[in-house]
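The structure appears below as structure tokens.
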Amino acid sequence: MKLFKVATAFFAAVKSVWTRGNPFAALTALWPTNEEGKYVIQAEGIRLAFTNHGAALTNLWINDTRGEELDIVLGLDDPNGYPKMSSNPWLNGVIGRYAGYMSGPSYQVDDTLYNVTGNAHNGTALFNGGDAGWGRQTWDIAAHIDNSITFVLFDRMWNGFPGVFASCLTHTVTPYQWRIAFGVTPLRRHGPINLSQQAFFNLDGFRANNSTQTIFEHTLHLPSAGLRFAVDEFGIPTGDLLSNKKGQEHDFWSSGRRIGTAGYDETLHLSHKQHANKEDSPVAILSSAHSGITMKLFTDQDALHVHTWDRQHGALQLKKGQGDGDVPQYGAVSLDITDWPDGVNHPEWRNRQTLWGMDGLYTSFVTYEFSVNGQEQEKNRI
Ligand SMILES: *[C@@H]1O[C@H](CO)[C@@H](O)[C@H](O)[C@H]1NC(C)=O
Ligand SMILES: *[C@@H]1O[C@H](CO)[C@@H](O)[C@H](O)[C@H]1NC(C)=O
Ligand SMILES: *[C@@H]1O[C@H](CO)[C@@H](O)[C@H](O)[C@H]1NC(C)=O
Ligand SMILES: *[C@@H]1O[C@H](CO)[C@@H](O)[C@H](O)[C@H]1NC(C)=O
Ligand SMILES: *[C@@H]1O[C@H](CO)[C@@H](O)[C@H](O)[C@H]1NC(C)=O
Ligand SMILES: *[C@@H]1O[C@H](CO)[C@@H](O)[C@H](O)[C@H]1NC(C)=O
């Protein structure tokens, strides 16, 4: 939890210093990059690289069971390619200020209806924060040391949201672990926040033979995902919950099983155990027998968006270190943590906080813990 406190303290400082302009803009250019122009953080057994475009994760290296170093996430070799992407977010970027769909595109606070700039469903809904969403912005870097990097962003009424939102995102690695801590302070006005980070994984780094180029043979276990959010024909959440019946297509809770060829784009509800320490019970376990790599995901959020890579959104070349050719259909899977979808427009979901004000700091975390060949690494949580 130390990191969380640091992020909070840091954030309070940002809030007090900030008046106008961005105090970190000048700092960003000073941090060292690798030969590709990416920011690298590393600890024993794990190395990550980022670009400040979309604060996107570009590479995640880990050694497989044969000791071969694999890059197990999608990304681009050239960081300058990110701003040219049409996706929202740019590949493996932050998703915000409001992840997923917001039907509307408006939300009500007390008696005022706030209208935002819709970018989906013919302008009648908002997707991933709008066209100027946080995953489509170039972030500044406030701090960067060996094993940690902090991105900051000041959103001034983008996409029609009122108020100024100061956002801070810290990635930290410790042996075999990657942790993301989000913190947002709304300044001047309160508003809805729902942050996530996209990260498309292929635990074989695309180095495997034919049968394992895709994630069909990856095993996925979601122990607390017994329900999923219903959506309409356009993918907009209706506010209803459906149950993931045992043995059926959406049952990843009763045991781990191969992902198979179905393709997924679903938001699942996470029922955390009562009083359980969310740092100790994984909400997702993804593994590949081929590379021997297992990834466990821990979060304080109550939903998980499971999304298999869909070539329909455009072809993507593999990175140099991953081989030749394009990412195959269903070649990767992203497990984005989230809050309940479109909660701001579903007051019937009682007692869920969907709006954050000047008095409150929005925070959330996600931790990815890796092991190879089932060797549990010594826990070294931050
Ligand atoms: C993989 O193993 C090599 C050789 O031991 C080591 O130099 C490298 O740092 C390891 N890679 C990672 C990501 O830990
Ligand atoms: C939002 O739009 C509605 C309907 O057009 C309008 O009545 C309302 O005043 C607008 N709200 C704001 C905060 O601009
Ligand atoms: C957008 O509008 C067109 C024309 O009215 C309609 O055919 C289409 O289904 C709409 N698309 C969405 C996503 O609502
Ligand atoms: C898989 O194997 C087939 C037949 O050997 C080959 O034509 C194809 O290109 C291979 N695909 C990939 C992605 O390696
Ligand atoms: C492909 O990988 C699978 C899974 O590791 C393995 O069983 C199979 O023998 C491999 N096939 C070839 C042709 O390398
Ligand atoms: C948060 O974002 C996720 C998608 O990443 C989405 O499924 C959900 O709609 C959002 N939660 C709320 C409360 O809007």
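Everything numeric here is computed off the predicted structure, so don't read it as measured data. We count ligands from 1, going down the list as the structure has it; atoms in each ligand are counted the same way. As a basis for the values below, the full set of heavy atoms in this structure was taken, side chains included, without hydrogen atoms, waters or symmetry mates.
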Next on the checklist: Parallel, tilted or perpendicular, judged at 30° and 60°: which one describes the rings of Phe201 and Tyr368?
Outcome noted: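 Aromatic pair Phe201/Tyr368 classed tilted.
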Item to check | Numbered atoms of ligand 1 (with element) below 4.0 Å of Trp61, judged on heavy atoms | outcome: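 What qualifies from ligand 1 is 13 (C).
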Next on the checklist: Within ligand 1, which atoms have a heavy atom of Gly45 less than 4.0 Å away?
Outcome noted: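 Contacts of ligand 1 toward Gly45, numbered from 1: 14 (O).
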Next on the checklist: Using only atom types and a distance under 3.5 Å, with no angle test, would you say the side chain of Asn244 pairs donor to acceptor with the backbone of Ala225?
Outcome noted: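 Yes, Asn244 side chain to Ala225 backbone: donor-acceptor pair under 3.5 Å.
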Checklist entry - Do Asn373 and Thr65 get their side chains close enough for a donor-acceptor pair, meaning under 3.5 Å? => result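 The answer is yes; a qualifying pair exists.
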Checklist entry - Distance only, no hydrogens: is a donor on one side chain within 3.5 Å (strictly under) of an acceptor on the other, for Ser224 and Ser271? => result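 Checked: Ser224/Ser271 side chains show no N/O donor-acceptor pair below 3.5 Å.
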Next on the checklist: Going by the closest heavy atom to atom 10 (C) of ligand 1, which one wins out of Ile46, Val372, Asn63?
Outcome noted: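 Looking at heavy atoms only, Asn63 sits closest to atom 10 (C) of ligand 1.
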Checklist entry - Protein heavy atoms: any of them under 4.0 Å from atom 14 (O) of ligand 1? => result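 Flag for atom 14 (O) of ligand 1 set to true, protein heavy atom closer than 4.0 Å.
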Checklist entry - What do you think, any protein heavy atom under 4.0 angstrom from atom 3 (C) of ligand 1? => result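 There is a protein heavy atom less than 4.0 Å from atom 3 (C) of ligand 1.
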Checklist entry - Nearest protein heavy atom to atom 11 (N) of ligand 1, by residue and atom, and its distance? => result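 Closest protein heavy atom to atom 11 (N) of ligand 1: Glu69 OE2, 2.6 Å.
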Next on the checklist: If you define the side chain from C-beta out and look only at heavy atoms, does anything of Pro223 sit under 4.5 Å from Trp253?
Outcome noted: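 When only atoms from C-beta onward are counted, Trp253 and Pro223 do not touch, as no gap falls below 4.5 Å.
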